[in-house]
Amino acid sequence: MLTQAPKGTHDILPDEIDKWYYVEKKFAEICSRFGYREIRLPVFEHTELFQRGVGETTDIVQKEMYTFEDKGGRSLTLRPEGTAGVVRSYIENGMSSWPQPTKLFYNITAYRYEKMQKGRYREFHQLGVELFGAKDPSADVEVISLMVLFFNSLGIKNLTLNLNSIGCAECRKAYNQMLKEFLADKIDNMCENCRGRINRNPMRILDCKEEGCRTYLKDAPSLLDNICDDCREHFEKVTQGLQDIGIPYEIDKAIVRGLDYYNRTVFEFVSRNIGTQGTVCGGGRYDTLIELCGGPPTPGIGFAIGVERLLLEMESQGIQIPSRPGPDIYLGSIGEQADRLCERLAWDLRSKGITCIKDIMGRSVKAQMKYADKLGARYALIIGDNEVESNKASLKDMKTGESRDISLDTLIDRLIKKREND
RNA sequence: GUGGGUAUAGCUCAGCUGGUUAGAGCGCCAGGUUGUGGCCCUGGAGGCCAUGGGUUCGAAUCCCAUUACUCACCCCA
């Protein structure tokens, strides 16, 4: 236990950190291209926020939250997702009086007490955006196009964009009634899960994968076919907008999204080759959430990308991520005098912005060269008594293997010049 | 929460139906004559065989439990 990371967490080691930087940087870049600015929020919030914001009936709130009491007796919860916190901040900081719309993006860890499997962790990373104040369908299109551009910029192909509209509260009320009537004579023969859902959240029944239930559901009315005129028009404009810019999508009447706050447009990007947890990205519109949390009535829309799944997908597509170059130079030394000289040289080089590694192990020249090679150093310099005397040394190019005598006084200038040429 | 699989060196794995000092490759460290990496060669370190019980003359190997990892259901990013 002492030497084991908690279940569902994982270390990101130096060898893989470049991938993370790469993806995060790309995301920030694309977001700012659309005018989204980054927001950083606390890892924990008042438990109440998630109960209200995510929804009491959801699996997340009912059984997956990391909730604890602090020493002041407050009930706090590690965020299970990003939207609720952003909404809280939007209200608390009066963002409704900022120039509208408010466009935010974030890069967070999130926490859910879940049983692990491929692509599903208890601590996981999400990249997401939230757009407040725009109810127009073109906001939906913008957010979706941002994601597509992001995936494209990473070279990811073959993700399916699944799209649906789950209508507004009005349509859903009417639809739930319709669904209940449709199921009235069937529900007793359906699975336990469905029987529980019939009163709590009838729509979720459509999601059931049980063979038996599926046959009963074959002719069930779909929500999308029964949404109100306003919602229908909204959805049609969204699909039209996507067609206008050539973004392919599939209508999937089954996606409902597991969080209560969604309405109208919901969508996800799904992969077929990273296991059963194939949803790389999920999101949708939430026009009542801000008000529900105590803010002014404000429409909103957003999505979150699961970074672990994104990286899995990139790996499965064989996408190479450029890794950081090695140090500009390795300074090796033999003996105490030489080491002192290296110490000064290293300081000067680093002060000038040159990446420089010097020996601190007191190893043999051969061992030092091997080390320089493993680090991927561009150049290597070995300082011994002779070099201390003459203030000259031979600079070795680790790529070509060629060496050249140079004066130590000109080392920095030379390295800067060489780096520009590379 | 339900079910399946797995657990031997830092990593990837051998170790057959129980038999004495537990193995390989990679990695790490050190050497292969004077102060220079990659290839090659040699040597070394590193394992209470996940933990705890049992069966047996004898267990890494068989049985049980625990824990962890993993995959699937559920749900989701």
Side-chain angles (χ1 to χ4, degrees), chain A residues 1 3-10 13 15 54 57-64 79-83 108-128 147 191-194 196-197 201 204 207-211 255-259 266-271 274-284 302-313 326 330-335 338 359 361 363-387 393-403:
Chain A
M1 283 313 243
T3 55
Q4 197 157 30
K7 197 187 189 75
T9 67
H10 60 106
L13 301 175
D15 278 349
V54 176
T57 67
T58 59
D59 278 11
I60 293 177
V61 169
Q62 283 184 350
K63 48 189 194 196
E64 293 179 354
R79 61 182 168 217
E81 55 96 53
T83 303
I108 61 169
T109 52
Y111 303 84
R112 292 181 200 169
Y113 189 84
E114 299 213 57
K115 190 112 180 220
M116 288 200 47
Q117 61 187 291
K118 192 177 174 75
R120 202 176 70 183
Y121 309 93
R122 289 184 173 179
E123 179 187 63
F124 58 103
H125 296 72
Q126 289 189 328
L127 299 170
M147 266 187 306
C191 75
E192 196 187 325
N193 237 323
C194 289
R197 283 166 172 161
N201 197 347
R204 289 276 192 84
D207 240 2
C208 188
K209 271 117 194 157
E210 293 274 333
E211 278 289 328
I255 50 172
V256 175
R257 309 262 86 231
L259 289 75
V266 292
F267 52 85
E268 52 190 31
F269 282 80
V270 182
S271 157
I274 57 171
T276 55
Q277 306 302 314
T279 307
V280 173
C281 173
F303 67 78
I305 295 165
V307 184
E308 283 84 359
R309 290 182 189 176
L310 181 72
L311 291 173
L312 275 175
E313 177 63 20
Y330 176 86
L331 295 182
S333 60
I334 313 153
D359 174 64
M361 296 285 281
R363 284 192 280 215
S364 70
V365 172
K366 180 170 183 161
Q368 292 189 55
M369 289 303 290
K370 279 190 175 182
Y371 183 57
D373 184 51
K374 281 170 204 159
L375 294 175
R378 186 67 187 81
Y379 295 96
L381 197 70
I382 299 289
I383 309 281
D385 290 341
N386 297 341
E387 286 78 4
S394 82
L395 182 67
K396 181 163 187 174
D397 183 325
M398 297 295 279
K399 252 184 219 160
T400 63
E402 286 163 10
S403 295

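Note that the coordinates shown come from a computational prediction; the quantities given were computed from them, not determined experimentally. Scope of the values below: all heavy atoms of this structure, side chains included, with no hydrogens, waters or symmetry mates. Protein chains get the first letters and strands the later ones, always in sequence-line order, with residue 1 at the start of each.
In this structure, A/I60 atom CD1 and B/C74 atom C1' are separated by 13 Å, rounded to whole Å. The nearest whole Å value for the distance from the CG atom in A/D59 to the P atom in B/C74 is 12 Å. Here the P atom of nucleotide B/C71 and the CD1 atom of A/I274 are 12 Å apart, to the nearest Å. For the pair A/L375 CG and B/G27 P, the interatomic distance rounds to 16 Å; values are reported in whole Å. Rounded to whole Å, the distance from CE on A/M116 to P on B/U2 is 18 Å. The interatomic distance linking A/L13 (CG) with B/G10 (C1') rounds to 12 Å, in whole Å. Regarding A/R309, its CZ atom lies at a distance of 12 Å from the P atom of B/C71, rounded to whole Å. Rounded to an integer number of Å, the gap from CZ of A/R79 to P of B/A77 is 15 Å.
Using a 4.0 Å heavy-atom distance criterion, A/A372 is classed as making no nucleic acid contact. As judged by a 4.0 angstrom heavy-atom cut-off over every strand, A/V280 is placed among residues touching the sugar-phosphate backbone only. In this structure, A/E114 reaches the bases: a heavy-atom distance under 4.0 Å links it to at least one base atom across the strands shown. Nucleic acid contact class of A/G119 (heavy atoms, under 4.0 Å, all strands): base.
Contact between A/E387 and A/A393 at its shortest, heavy atoms only, is CG-CB, 3.6 Å. In terms of heavy atoms, A/A380 sits closest to A/M398 at CB-SD, 3.8 Å.
Screening residues 363-375 of chain A for side-chain hydrogen bond (donor to acceptor under 3.5 Å, both in side chains) gives A/Y330-A/Q368 as the qualifying pairs, with residues at least two apart or on separate chains.
Taking 4.5 Å as the limit, every side-chain heavy atom of A/T276 sits out of range of all side-chain heavy atoms of A/K118. Side chains of A/D385 and A/I334 form no contact here, defined as non-hydrogen atoms less than 4.5 Å apart. At least one side-chain heavy atom of A/Y379 sits under 4.5 Å from a side-chain heavy atom of A/D397.
Put simply, the side chain of A/R79 never gets that close to the backbone of A/A110: no donor and acceptor are under 3.5 Å apart. Within the 3.5 Å criterion, the main-chain N or O of A/M116 finds no donor-acceptor partner in the side chain of A/R122.
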_Output one letter per nucleotide in nucleotides 31-43 of chain B: B when a protein non-hydrogen atom lies under 4.0 Å from the base, S when only the sugar-phosphate is that close, - when neither is._
-B--BBBB-----
Between the protein and nucleotides 6-9 of chain B, are there any N/O to N/O pairs under 3.5 Å, and if so, what are the atom names and distances?
none

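The C1' atoms of B/G1 and B/A14 are separated by 38 Å, rounded to the nearest whole Å. For the P atoms, the distance from B/C63 to B/U70 is 24 Å, rounded to whole Å. The same atom, C1', is picked in B/G47 and in B/G4; the two are 29 Å apart, to the nearest Å. B/G46 and B/U6 have their C1' atoms separated by 24 Å, given to the nearest Å.
Distances shorter than 4.0 Å separate some side-chain N or O of A/T276 from OP1 or OP2 on B/A72. One finds a side-chain N or O of A/R363 lying less than 4.0 angstrom from the OP1 or OP2 phosphate oxygen of B/C29. For the pair A/Q117 and B/A72, the criterion of a side-chain N or O lying under 4.0 Å from OP1 or OP2 is met. Contact annotation: A/K7 side-chain N/O to B/C69 OP1/OP2 distance is under 4.0 Å.
Scored by the side chain to side chain donor-acceptor pair (under 3.5 Å) test, A/S394 finds no partners at all (sequence neighbours excluded). For A/K63, the salt bridge (Lys or Arg N to Asp or Glu O under 4.0 Å) partners are A/D59, not counting sequence neighbours.
With the 3.5 Å cutoff on both pairing distances, Watson-Crick and G-U pairs in RNA chain B assemble into runs of at least 3 at B:1-7 with B:67-73, B:10-13 with B:23-26, B:28-32 with B:40-44, B:50-54 with B:62-66.
At a cut-off of 3.5 angstrom, counting only N and O atoms as typed in the model, there is no donor on one side facing an acceptor on the other between the side-chain of A/R120 and the base of B/A77.
Comparing A/G278 and A/K115 against RNA chain B, the residue whose closest nucleotide sits nearer the 5' end is A/K115.
When each of A/Q126, A/H125, A/E81 is paired with A/I108, the side-chain contact (heavy atoms from CB on, under 4.5 Å) condition holds for A/Q126 and for no other.
Between the side chains of A/Y113 and A/E64, no donor N or O sits under 3.5 Å from an acceptor N or O. Looking only at atom types and distance, the side chain of A/Q117 has a donor-acceptor partner in the side chain of A/Q277 under 3.5 Å away.
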